[in-house]
Amino acid sequence: VDLSTSIAGVHLPNLLFNASGVCCQTTDDLKQMQDSASGSLITKSATCAQREGNPSPRYVPLPTGSINSMGLPNEGYQYYLDYAKSYDYSSPKPLFISLSGLSLAENKTMCEAFVAAKLPCVLEINFSCPNVPGKPQLGYDMEAMEAALNTLAPILRQPFGIKLPPYFDIAHFDAAAAIFNKFDDLAYVTCINSVGNGLAIDFETETALIKPKDGFGGLGGFMVLNTALANVNAFHRRLPTKKVIGVGGVTSGKEVFLHVLAGASAVQIGTTLKEEGPAVFARILKELEEIMEKKGYTSLEDFRGKVKTL
Ligand SMILES: O=C(O)c1[nH]c(=O)[nH]c(=O)c1I
């Protein structure tokens, strides 16, 4: 079976890669991704300056997923620019770079630096970090999101992507899609980032599980699967000339299959990669192949976006 796909003008030998933030902050992490069976890799969201992030504990696995309030820890964008400059683009795996400036000025600076370097990596702007105290998510402010795209698209002038928060209202899917359809170079959207500001509490100790923000953090893993599928399908239906990368709730080949059925062109793994390690890619690719063979599909196009309705 053929599990390859293409996004933003790059070809992925298979549709799986890491969710930004997991196994991608340092060059050691990224080497693990390169050595894994993934079809691509994306770096930890970068800010202009290096950041330590929030105090620990800041990530905790839960029975049905995870909660995190990392606080954008990263090596600073020059580190990832250097990595992108030294990346071997003859490798079958294309490189994606995540940028998450703390302001539009920061995003502008980082985009200008990457564009000036003229590299084949794909740039993805993170509109949805839920864990920087005092910084509301751009993805929930439609006007600010459109203003950011009006500033950044003319700088990028190449296919790029954006990372979106989950939306929970049809009117919000409509409003967001109406904005995205104005930008031809916006090649894809990645749905979803963590479900923001959940609260995990330990029953015995009666204490929040993570330290930052009184225990409030983004939810991920299996518990967010159905919200992720809805966001993938909502934007697949509303963005006819763009692609969707699906992320959220993948624990096996079954959820990858469901993400593609909902319309995903590629699928990322976060919590399950964090808990199982990079060997997860080989396991899940095998599971997906078995599912496709059983159902009689030979390529992702055979079923992408073909979820039936009653
Ligand atoms: O806290 C983080 O670093 C973080 N955590 C997330 O769950 N999503 C994000 O986009 C980010 I930038």
Side-chain angles (χ1 to χ4, degrees), residues 17-26 29-30 41-62 64-77 79-80 96-104 106-107 110 123-141 144-145 148 160-167 188-200 208-225 227-228 231 245-250 268-275:
F17 60 124
N18 62 302
S20 177
V22 182
C23 198
C24 61
Q25 180 165 339
T26 66
D29 295 332
L30 292 161
L41 65 162
I42 184 167
T43 56
K44 168 66 185 176
S45 290
T47 46
C48 279
Q50 183 268 349
R51 284 173 60 89
E52 288 304 309
N54 291 337
S56 293
R58 59 190 190 180
Y59 168 88
V60 170
L62 300 170
T64 57
S66 65
I67 186 166
N68 93 82
S69 185
M70 306 303 287
L72 240 180
N74 74 96
E75 309 302 319
Y77 83 100
Y79 179 96
Y80 302 104
F96 289 70
I97 297 286
S98 177
L99 301 174
S100 187
L102 297 175
S103 66
L104 183 51
E106 276 207 20
N107 274 324
M110 294 190 289
L123 299 181
E124 178 178 290
I125 317 299
N126 184 355
F127 281 166
S128 46
C129 178
N131 301 319
V132 179
K135 300 294 290 180
Q137 295 197 37
L138 212 55
Y140 286 153
D141 180 338
M145 199 161 46
F160 70 98
I162 55 178
K163 178 73 171 283
L164 296 175
Y167 297 99
Y188 73 90
V189 297
T190 301
C191 301
I192 59 173
N193 209 316
S194 52
V195 174
N197 295 299
L199 176 61
L209 291 182
I210 59 172
K211 186 176 174 75
K213 294 175 54 178
D214 296 328
F216 283 63
L219 302 176
F222 191 68
M223 73 171 94
V224 308
L225 174 67
T227 292
N231 278 261
I245 296 180
V247 48
V250 174
Q268 297 173 345
I269 305 175
T271 300
T272 306
L273 169 59
K274 174 86 178 177
E275 293 305 307

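First listed ligand is number 1; within each ligand, the first listed atom is number 1. Note that the coordinates shown come from a computational prediction; the quantities given were computed from them, not determined experimentally. Below, all heavy atoms of this structure are taken into account, side chains as well, without hydrogens, waters or symmetry copies. Residues take their numbers from the sequence shown, with the count starting at 1.
Put simply, the side chain of L62 reaches to within 4.5 Å of the side chain of L209, judged on heavy atoms. Taking 4.5 Å as the limit, some side-chain heavy atom of Y140 sits within range of a side-chain heavy atom of Y167.
Considering backbone and side-chain atoms alike, S45 places every N or O at 3.5 Å or more from each N or O of ligand 1. For the pair S69 and ligand 1, the shortest N or O to N or O distance does not fall below 3.5 Å. The distance criterion of under 3.5 Å between nitrogen or oxygen atoms is met by N193 with respect to ligand 1.
Note that CG of N18 is 11.0 Å distant from NZ of K44, once rounded to the nearest 0.5 Å. Note: M110 CE to T47 OG1 = 6.5 Å, rounded to the nearest 0.5 Å. The CD1 atom of I162 lies 9.5 Å from the CG atom of L138; values are rounded to the nearest 0.5 Å. Separation of atoms OG (S100) and CG (N107) is listed at 7.0 Å; rounding is to 0.5 Å.
Every atom of ligand 1 is numbered from 1 in the order shown, and the set under 4.0 Å from a heavy atom of L72 is 1 (O), 2 (C), 3 (O), 12 (I). Taking every heavy atom of P130 and a limit of under 4.0 angstrom, the matching atoms of ligand 1 come to 6 (C), 8 (N), 9 (C). Here is the list of ligand 1 atoms found below 4.0 Å of a heavy atom in M70: 1 (O), 2 (C), 3 (O). Residue P73 has at least one heavy-atom neighbour below 4.0 Å for each of these atoms of ligand 1: 3 (O).
Under the side-chain contact (heavy atoms from CB on, under 4.5 Å) criterion, Y79 pairs with T26, T27, E75, not counting sequence neighbours.
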Can I get a per-line list of side-chain donor-acceptor pairs under 3.5 Å for residues 213-221, giving both atom names and the distance, sequence neighbours left out?
unit_1, atom_1, unit_2, atom_2, d
K213, NZ, P130, O, 2.9
K213, NZ, N197, OD1, 2.6

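Nearest-heavy-atom check against atom 10 (O) of ligand 1 across T271, V195, N126, V22 picks out N126.
At a 4.0 Å cut-off, at least one heavy atom of G71 sits close enough to ligand 1 to count as contact. Residue R58 places every heavy atom at 4.0 Å or more from ligand 1. At least one heavy atom of C129 sits less than 4.0 Å from an atom of ligand 1. Ligand 1 does not have S20 within reach: every non-hydrogen atom of the residue lies 4.0 Å or more from it.
By the criterion of a heavy-atom distance under 4.0 Å, neither the backbone nor the side chain of V132 is placed next to ligand 1. At a 4.0 Å heavy-atom cut-off, ligand 1 does not touch R51 at all.
The minimum heavy-atom distance between N193 and C129, with the atom names listed, is ND2-N, 4.3 Å.
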